[in-house]
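Only one structure is covered here, and it is reproduced in the block below.
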Amino acid sequence: MKERLKKILSKFEREERPRIRFRRGDKLPLMMAIASIISATATYMVLSGTAAYARKLSALRAVTPESADFTFEAYSYEPATTKRNILLSITDGEELCRVHILTFDEDKHTLEISDISPDTLVSCGSFEGTLAEAYKTEVYDEIVSMALSLHLDGSMATDIETVADSINLLGGVKLTLDKELKIGDNILSKGKRTVMGSVAKIILSDSASYSEANSDRIAAYHQLLISFISTLKEKGVVEWVSLTLNLIVNRVETDMTVSEIIELINLLNETSTKNINIQVITIENSK
């Protein structure tokens, strides 16, 4: 597979393909290589998401927008055109356990990750409940967008099993714990190590850390997330996409098009790990 991908890259480097335009022309060979790898992926996901998206729009028309009954701490919406906001949702079984807004700044090459508790209470239109309950509706994306007064450029959803399997395929991620952590019935000893999917699942599933306000467990999850992104960047786009292609096709849902997925990968590739920040978004009436 690696040799085949190298040949594809070499081919596009030799041949001029000016018909497709991206924001950065010097990235064209890489982008077209990625396109050849994930075109089947994106096509599958876009087609499978079309019917669901239509149902969401239909259901949303029946919802009358109202002012949300909450305020955000340390959060403000800046409608900057250079930013891309992606909703990332991760489930544990049938339950929502992680909610993130990934905000890419195309000009500054930064990534801000807003970490929101699934137990956050929202009142939006005719809906009133937690984000976890909103996830089970047909208008989850729209509820999040309206509740945050934030335009979403796309959304992705997967489960902890998929993230854990991705970590295994990548060969593990680095994690350093300054103290022993107890998560449910599991105890993670302090120290520096490379963790595989089994340990990652324990940390990923710990949505109770929000309601219990356990900063050490939340910090461990944030470290895991940053380490996962860092490992992707170290592997290189072509390698990690080829390694995780099957998981992306079959176990990730998205409403983004082929070109939008490629551009998102490009933005991640251009963002230095030191320019990635995570903040917990708290709401006054969180559960």
Side-chain angles (χ1 to χ4, degrees), residues 20-28 30-31 34-35 38 42 45-46 49 53 56-57 60 65 67-68 70-90 96 98-118 120 122 124 131 134-135 139-158 221-222 225-230 232-233 237 240-241 248 252-283:
I20 301 177
R21 178 178 296 179
F22 291 88
R23 279 181 166 77
R24 299 169 179 83
D26 59 337
K27 302 292 183 179
L28 184 57
L30 175 60
M31 290 302 96
I34 297 171
I38 70 170
M45 290 188 290
V46 169
Y53 183 66
K56 286 183 178 182
L57 290 180
L60 185 61
S67 298
F70 54 83
T71 58
F72 285 91
E73 297 175 7
Y75 183 86
S76 62
Y77 170 50
E78 179 186 354
T81 56
T82 61
K83 294 185 178 180
R84 295 293 185 89
N85 300 305
I86 308 299
L87 171 62
L88 173 63
S89 305
I90 303 176
L96 184 68
R98 302 285 181 180
V99 183
H100 302 305
I101 301 293
L102 310 179
T103 302
F104 292 87
D105 191 307
E106 300 178 41
D107 290 341
K108 297 180 181 179
H109 305 303
T110 60
L111 171 58
E112 299 290 336
I113 303 177
S114 299
D115 184 6
I116 310 171
S117 169
T120 297
V122 296
C124 182
L131 288 179
Y135 185 76
V139 290
Y140 167 67
D141 293 4
E142 288 76 11
I143 288 173
V144 173
S145 177
M146 293 169 67
L148 298 180
S149 298
L150 185 71
H151 171 72
L152 296 176
D153 297 285
S155 67
M156 303 182 73
T158 189
Y221 170 66
H222 290 175
L225 188 56
I226 291 291
S227 184
F228 179 69
I229 295 173
S230 178
L232 293 178
K233 293 176 66 61
V237 174
W240 75 253
V241 170
I248 295 172
V252 176
E253 298 178 5
T254 183
D255 60 1
M256 291 185 285
T257 65
V258 174
S259 60
E260 288 170 337
I261 293 172
I262 293 172
E263 189 165 7
L264 189 63
I265 292 174
N266 186 35
L267 289 174
L268 181 62
N269 190 49
E270 292 179 341
T271 302
S272 171
T273 304
K274 67 180 181 180
N275 290 329
I276 300 176
N277 298 303
I278 304 179
Q279 62 173 336
V280 177
I281 302 301
T282 58
I283 298 178

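Quick caveat, the model's predicted, so the values are computed rather than measured.
- Note that OG1 of Thr254 is 7.5 Å distant from CD1 of Ile86, once rounded to the nearest 0.5 Å.
- Within the 4.5 Å cutoff, the side chain of Ile276 has heavy atoms near those of the Ile229 side chain.
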Open item on the list: Please determine whether side chain to side chain contact (heavy atoms under 4.5 Å, CB included) holds for the pair Ile101 and Ile113, giving the CA-CA distance in whole Å, both sets of side-chain angles, and the decisive distance to 0.1 Å.
Closed with: CA-CA 6 Å; Ile101 301 293; Ile113 303 177; over 6 Å; no

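- Side-chain atoms of Asp153 come within 3.5 Å of backbone N or O of Asn85 as a donor-acceptor pair.
- With sequence neighbours excluded, no residue satisfies ring pair (Phe, Tyr, Trp, His ring centres under 6.0 Å) with Phe228.
- Counting heavy atoms from C-beta outward, Glu253 and Met156 have side chains that stay 4.5 Å or more apart.
- Between the side chains of His109 and Asp107, no donor-acceptor pair is found at a separation under 3.5 Å.
- Heavy atoms only, all atoms of each residue included: His151 and Ser145 are closest at CA-OG, 4.2 Å.
- Listed for the Lys108 side chain is no donor-acceptor partner under 3.5 Å among the backbone atoms of Thr82.
- Residue Ile262 forms a side chain to side chain contact (heavy atoms under 4.5 Å, CB included) with just one option from Val258, Ile265, Asn266, and that option is Val258.
- To the nearest 0.5 angstrom, Ser117 atom OG is 9.0 Å from Leu96 atom CG.
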Open item on the list: Between Asp115 and Gln279, is the side chain to side chain contact (heavy atoms under 4.5 Å, CB included) condition met? List the steps.
Closed with: CA-CA 6 Å; Asp115 184 6; Gln279 62 173 336; over 6 Å; no

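- In this structure, Ser272 and Lys233 approach most closely via the heavy-atom pair CA-CE, 4.4 Å.
- Checking side-chain atoms of Glu270 against main-chain N and O of Leu267 turns up no donor-acceptor pair under 3.5 Å.
- Residues Leu102 and Leu264 form no side-chain contact, since every pair of their non-hydrogen atoms from C-beta on lies 4.5 Å or further apart.
- The structure places CH2 of Trp240 at 9.0 Å from CG of Asn269, a figure rounded to the nearest 0.5 Å.
- Not counting sequence neighbours, His222 has no partner by the ring pair (Phe, Tyr, Trp, His ring centres under 6.0 Å) test.
- Side-chain atoms of Val99 and Leu87, non-hydrogen and from C-beta on, do get closer than 4.5 Å to each other.
- Using modelled atom types, one finds a donor on one side chain and an acceptor on the other under 3.5 Å when comparing Asp141 with Ser155.
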- [ ] Take Thr110 and Asn277 through the test side chain to side chain contact (heavy atoms under 4.5 Å, CB included) and record every step on the way to the result.
- [x] CA-CA 8 Å; Thr110 60; Asn277 298 303; 5.9 Å; no

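- Considering all non-hydrogen atoms of both residues, Ala147 and Cys124 come closest at N-SG, 4.4 Å.
- In this structure, the side chains of Leu131 and Ile116 come closer than 4.5 Å at one or more pairs of heavy atoms.
- Not counting sequence neighbours, the partners of Tyr135 by the ring pair (Phe, Tyr, Trp, His ring centres under 6.0 Å) test are Tyr140.
- The pair Arg84-Glu106 meets the salt-bridge criterion, with a side-chain N (NZ, NE, NH1 or NH2) lying under 4.0 Å from an Asp/Glu carboxylate O.
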Open item on the list: Would Ile278 and Leu225 count as a side chain to side chain contact (heavy atoms under 4.5 Å, CB included) here? Give the steps.
Closed with: CA-CA 9 Å; Ile278 304 179; Leu225 188 56; 4.0 Å; yes

